[in-house]
Number of protein chains: 2
Amino acid sequence: MTPPARMPSRAVTDISDATLQRFAGYRMKRAFNVIRDDLHLVLKPFDLRMLTYTALVLIVDNPGLRQAQLADAMDVERPNVVVIVDELEQRGLIVRDPAPNDRRAYALNPTPAGEHLCATALTAVERHEERLMAGIDAETRAAMFAGLEAIRRGSDRRVK
Amino acid sequence: MTPPARMPSRAVTDISDATLQRFAGYRMKRAFNVIRDDLHLVLKPFDLRMLTYTALVLIVDNPGLRQAQLADAMDVERPNVVVIVDELEQRGLIVRDPAPNDRRAYALNPTPAGEHLCATALTAVERHEERLMAGIDAETRAAMFAGLEAIRRGSDRRVK
DNA sequence: TTATATTAGTTATACTATATAATTAAATGA
DNA sequence: TCATTTAATTATATAGTATAACTAATATAA
């Protein structure tokens, strides 16, 4: 009698992820893990997270936008944007002004402190970006951006 | 006196994310959101999530690997792999065999049911991949993969 | 105008993902 | 032997994501 086939007598040494490597989603997740971890460290001195940083940039670049617009721009659900805006407001980086012509809504605006922190953080994020992209030539970067944009815009090719 | 500059009298219509578009991380997050949402729907019929699917594929492709190796291959912390392996084991898709030469460790092996589900799900994920990548030519795909791999491998360029 | 439906923001909630510290048992190695 | 390390686990905390339900206000339609 042979021993059970699925109980090998020797330990596995080299783990292969060849099957998963065929998928863009897997590769993106892995690359994004690297970016997320690095960005986390880069933003920590400013007490910002990826989401609060993103929201701050969008508010600085689009003063007066509403929370629903921010949620849409960030691709997060509206309830989740509330806590992000809360945090930025409590830190005095933005204010919830009354929106013109609609007493339900807020016009989100940066404070001078918010604008300043945004600019400082932006510089740090630019350095982070250049560090992570350092080994990648311009054509590859452009192709990468084009591919990512095609996936993002290909919402009509999604399931259902 | 002029009115306060940061309280515009008109609502903002077009939201610009031009600043963020300059960053690969932002573009990857947005593209990955699309992939994640689609993959979520694709895996739902199999009662798999991205993480359980990934683990199952790795166990099928590397029978006998240990949990620490799986954690390393998946880039998740070891405590978090426990619940993933628990779930796959409770569903009868994998087994925790004793590891050869080390009574502390497990050799993770797929069951026939696990191998079958893995193959079926893989086919669905391949269709999902081709759907999302449909508009992207081969050269762009290759450049994208190269760029993602360069970021992933550029761990030495990380902060600290 | 009144009635109905929709929208903005919020609250509550749940589930998933991720991370760290501490524990147990077993292996390693001085 | 004794100290150290490692594998898996438990407990726990934080963050990200999603849905339902609520309120107040606006828009629509009879």
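Each chain gets a letter, A, B and so on, in the order its sequence line appears, and its residues count up from 1. Note that the structure is a prediction, hence the values are computed from the model and not measured.
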Whole-Å gap separating P (D:dG16) and NE2 (B:His40): 19 Å
Measure from the side chain of A:Pro79, starting at C-beta and using heavy atoms only, and say which of D:dT19, D:dA8, D:dT6 lies closest. D:dT19
With distance as the sole test, does B:Arg141 use its side chain to make a donor-acceptor pair with the main-chain N or O of B:Met133 at under 3.5 Å? yes
Between D:dT14 and A:Arg49, is there an OP1 or OP2 to side-chain N/O distance shorter than 4.0 Å? no
Atom-to-atom span, CE of A:Met74 to P of D:dA18 - whole angstrom: 12 Å
B:Tyr26 and side chain to side chain donor-acceptor pair (under 3.5 Å): which single residue from B:Arg30, B:Lys29, B:Arg22 fits? B:Arg30
For a 4.5 angstrom cut-off between non-hydrogen side-chain atoms, does B:Met144 reach A:Ile151? yes
Computed from five pairs at either end and rounded to 10 degrees, the angle between the axes of the helix from C:dT1-D:dA30 to C:dA30-D:dT1 is 20°
Apply the test salt bridge (charged side-chain N to carboxylate O under 4.0 Å, His left out) to residues B:Asp17 and A:Arg152: give CA-CA distance (whole Å), side-chain angles for both, the deciding distance (0.1 Å), then the verdict. CA-CA 14 Å; B:Asp17 64 349; A:Arg152 176 183 174 179; 3.5 Å; yes
Assign each of A:Asp102 and A:Asn80 the nucleotide of DNA chain D bearing its closest heavy atom; nearer the 5' end lies the nucleotide of A:Asn80
Decide side-chain contact (heavy atoms from CB on, under 4.5 Å) for A:Gln69 and A:Leu58; before the verdict, give the C-alpha distance in whole Å, the side-chain angles of both, and the deciding distance to 0.1 Å. CA-CA 10 Å; A:Gln69 291 176 307; A:Leu58 288 170; over 6 Å; no
Pair of N/O donor and acceptor under 3.5 Å linking D:dT26 base with A:Arg104 side chain: no
Minimum heavy-atom distance between B:Gly92 and B:Ala113, given as atom pair plus value: O-CB, 4.0 Å
With the side chain counted from C-beta on, respond yes when A:Val95 and A:Tyr106 share a heavy-atom pair under 4.5 Å apart, and no when they do not. no
Apply side-chain contact (heavy atoms from CB on, under 4.5 Å) to residues B:Glu87 and B:Leu51 and explain how you reach the verdict. CA-CA 11 Å; B:Glu87 182 177 332; B:Leu51 287 172; over 6 Å; no
Nearest-nucleotide 5' precedence on DNA chain D, B:Arg66 against A:Glu77: B:Arg66
First contact, last contact: which nucleotides of DNA chain C are these for chain A, 5' to 3', heavy-atom distance under 4.0 Å? C:dT7 to C:dA19
